[in-house]
Chemist: 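Dropping the structure in here first, questions after.
We're numbering straight along the sequence, starting at 1.
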Amino acid sequence: MDVTLQKQIFEFIGGLGLFVFAITYLGEGLQKSTGERLRKVIDTFTSNPIIGVFAGMISTILVQSSSGMIIIVLGLVSARFMTLRQAIGVIMGANIGTTLTAFIIGINFSSYFLPALAVGSMLIVFFYSKKVHYIGQVIFGFGALFLGLELMGDGMREIVSLDIFQDFILNMGNNPFFGVSMGTIFTAVVQKSSVSIGVLQELYKQDSISLTAALPVLFGANIGTTVTVVLASLSASVLAKRAALTHVLLNVSGTIVFLAFLPVFTAFISVVQVYFHLNGAITIAVAHAFFNIFNTLLWLPFVGVLVYLVTKALPERNTFATQNQGYLDRQFIEQAPTVALSQVQKEIIEMSHLLSKNFVQAYSYLSTRDRIHAQEVANLMETLESKERKIKAYFLLLSENALSTLESEDYFRLQEEVHYLKRIGAHCENITEFVDYQLANKVFFTNEASSDLEEMFQSTSKALSETIKALESKNIKSARSVLEIEDRIDRMERVLRKKHILRLNEGECSGAAGILFVDIINNLERIGDYAEKLSQHILEQNNS
């Protein structure tokens, strides 16, 4: 092999590798530095697909990967946090948001990639702040991206002159379906449409490929990006599979429409290029943006039709399994840790509801002495322990990823909340064991003692319900209410303990009943303490 040709091939391969790394590294930096904003954007999803489009655009810009954003959407749909109708709008927005990368590539920053690499590396190496590190990662990613493009461009100059390459380009110009296939395959292999479009921009900028040949490759890149999403959905629920199928239908149907009008679209883009004096890279970026915007406008009025088609194509066979799979999806951990943490929060809310039911069953057992309530407590505890194990395993996976400062704070806060809920469950279980002892040893409370217990149970139940309300909606009023109720529970525990000692002294109840009574009110007081700790977290979040 000619030494010059070998050098050019190595430059192209090295530049391509650096470009792929830069896109990924840049995306990670953006995601980590804007993780909290990503969560807020996702929280804006509504049943209106138009708002979903804008949310999808913004989120994709933050993640810098349309397939990455859509994989997040798969998890949200699978967890029933988002409906398919909402997801379709977000997927459309993600397709539009990913076009920003092509415009960035089209702007000539090649003169500044060395200073960007220098500044980025210094921020990463010489500063201890994670926030500064993420900013450095973004700047370094930009520099590496344009260095990769520069190397690819240098490598292409010799390669494109080869007869085999010229024949290859000629085939793409004569056969649009061949061009679509090449774009699909290359994007599926590198798993990033931004990379294949970046290579296409470089080729067109060097006049190595005609616009007629380039556009089908562009369409194919949009199909290729669905492969990553489809692969991610294979092990997911049918709900996630429907969202993935929607993505495929959108991009394939758009390609079919644009291929049908390829001469018209080519002429239109040529006119735009000449009229606005666009360089080759920006011209491809404009074509990419137009493809996705037009495709979104084409399908947006027919979101209901898309929902109907994919629902019919993939019917839901196992409703019970789907409804009980929980919120924890491993795909979030690498794609968006901040979303993964918000999903843990939803599991915690589910746990709190189960604990509330558990508490009611424990009291029902005390008041009715019906064993069915004790069995229900045992069943609920089994479910709670299962959830706790899954959350702990999820936490372990999360700990293996680099978390931002805010994400780390959330991580430790959520760990504490799981611990508090576990302790509440343990105290509910203790109460049922006390009732077991009461029944086995024929221990009875006086009417006054039973009335006192009921009053304390009611106050503790109120504290738990207000805690759940605070956790669900970050309700500050409810959180403050819990602090007041818990203070009342503490006073009540002291008063009831003294009253029972008086009853013991006056011989109104047995020593066994006295010990049992104190044990129960002590456990109720501890439940109130943990409800207070959970509410304190809500207040601390509000103040931070």
Side-chain angles (χ1 to χ4, degrees), residues 39 43 327 341-367 377 380-381 383-385 387-388 391 406 409-432 434 451-497 517-544:
R39 183 185 295 182
D43 286 341
Y327 296 102
L341 290 164
S342 70
Q343 297 307 95
V344 172
Q345 181 71 62
K346 294 179 192 307
E347 283 289 342
I348 285 172
I349 291 167
E350 289 283 316
M351 280 184 73
S352 69
H353 280 288
L354 287 170
L355 279 168
S356 179
K357 291 178 184 177
N358 212 8
F359 182 78
V360 170
Q361 292 297 328
Y363 177 64
S364 298
Y365 185 34
L366 176 67
S367 56
V377 169
L380 286 166
M381 280 305 296
T383 306
L384 282 163
E385 286 168 2
K387 276 190 174 292
E388 186 208 358
I391 292 172
L406 281 173
E409 289 173 2
D410 282 348
Y411 176 87
F412 291 113
R413 174 180 59 79
L414 292 170
Q415 274 195 323
E416 283 187 344
E417 288 180 6
V418 171
H419 172 70
Y420 297 155
L421 291 171
K422 180 184 177 182
R423 296 308 306 150
I424 290 172
H427 287 301
C428 290
E429 206 168 24
N430 289 346
I431 291 169
T432 61
F434 295 147
S451 177
D452 287 343
L453 280 177
E454 181 178 359
E455 184 184 357
M456 192 163 180
F457 262 100
Q458 293 300 330
S459 293
T460 310
S461 179
K462 178 68 175 173
L464 279 178
S465 63
E466 288 296 314
T467 300
I468 293 170
K469 197 184 295 184
L471 287 171
E472 279 185 315
S473 56
K474 309 296 181 200
N475 192 312
I476 303 304
K477 185 178 178 182
S478 292
R480 287 177 179 150
S481 173
V482 172
L483 304 190
E484 294 171 7
I485 296 168
E486 202 281 327
D487 188 50
R488 191 160 67 244
I489 290 170
D490 283 347
R491 290 198 304 272
M492 194 181 296
E493 191 265 346
R494 290 192 294 271
V495 170
L496 296 187
R497 188 188 293 266
F517 182 90
V518 170
D519 282 341
I520 292 172
I521 62 171
N522 183 54
N523 275 266
L524 291 174
E525 190 270 334
R526 295 301 295 152
I527 290 172
D529 284 347
Y530 288 116
E532 180 188 32
K533 289 176 187 290
L534 288 164
S535 298
Q536 285 282 12
H537 277 189
I538 304 300
L539 295 172
E540 287 166 9
Q541 281 180 276
N542 183 61
N543 293 331
S544 60

Chemist: Would you verify whether the NZ or CZ of Arg526 falls within 45 degrees of the ring axis of Tyr530 while also being under 6.0 Å from that six-membered ring's centre?
Modeler: yes
Chemist: On a heavy-atom basis, which atom in Ile521 and which in Val518 lie closest, and how many Å separate them?
Modeler: CG1-O, 3.3 Å
Chemist: What's the shortest heavy-atom distance between Met456 and Ile489, and which atoms?
Modeler: CE-CG2, 3.7 Å
Chemist: Any donor and acceptor pair, going by atom type alone, linking the side chain of Ser535 with main-chain N or O of Ala531 inside 3.5 Å?
Modeler: yes
Chemist: Between Glu409 and Arg413, is there a side-chain N and carboxylate O pair less than 4.0 Å apart?
Modeler: no
Chemist: Find the distance between OG (Ser367) and CD (Glu454) and round it off to the nearest 0.5 Å.
Modeler: 8.0 Å
Chemist: Please list, chain by chain and in numerical order, all residues satisfying side chain to side chain contact (heavy atoms under 4.5 Å, CB included) with Asp490, sequence neighbours excluded.
Modeler: Glu486, Arg494, Glu525, Asp529
Chemist: Compile the donor-acceptor pairs under 3.5 Å between side chains in residues 352-362 and protein atoms, sequence neighbours left out, one pair per line.
Modeler:
from	atom 1	to	atom 2	distance (Å)
Ser352	OG	Ile349	O	2.6
His353	NE2	Glu472	OE2	2.8
Gln361	OE1	His373	ND1	2.8

Chemist: With sequence neighbours left out, write down each residue that passes side chain to side chain donor-acceptor pair (under 3.5 Å) with Gln536, or none if nothing qualifies.
Modeler: none
Chemist: Could you state the interatomic distance from CG (Leu421) to CG (Leu534), rounded to the nearest 0.5 Å?
Modeler: 5.0 Å
Chemist: Closest approach of Glu417 and Leu471, non-hydrogen atoms and distance?
Modeler: OE1-CD2, 4.1 Å
Chemist: Output all residues satisfying side chain to side chain donor-acceptor pair (under 3.5 Å) with Glu429, sequence neighbours left out; order by chain, then residue number.
Modeler: none
Chemist: Under the side chain to side chain contact (heavy atoms under 4.5 Å, CB included) rule, collect the residues that match up with Ser465, sequence neighbours excluded.
Modeler: Lys462
Chemist: Please report the interatomic distance NZ(Lys469) to CG(Asn475), rounded to the nearest 0.5 Å.
Modeler: 6.5 Å
Chemist: side-chain contact (heavy atoms from CB on, under 4.5 Å) between Asn523 and Phe434: does it pass, once the steps are laid out?
Modeler: CA-CA 10 Å; Asn523 275 266; Phe434 295 147; 3.2 Å; yes
Chemist: I'd like to check the salt bridge (charged side-chain N to carboxylate O under 4.0 Å, His left out) partners of Lys533; sequence neighbours left out, ordered by chain and number.
Modeler: none
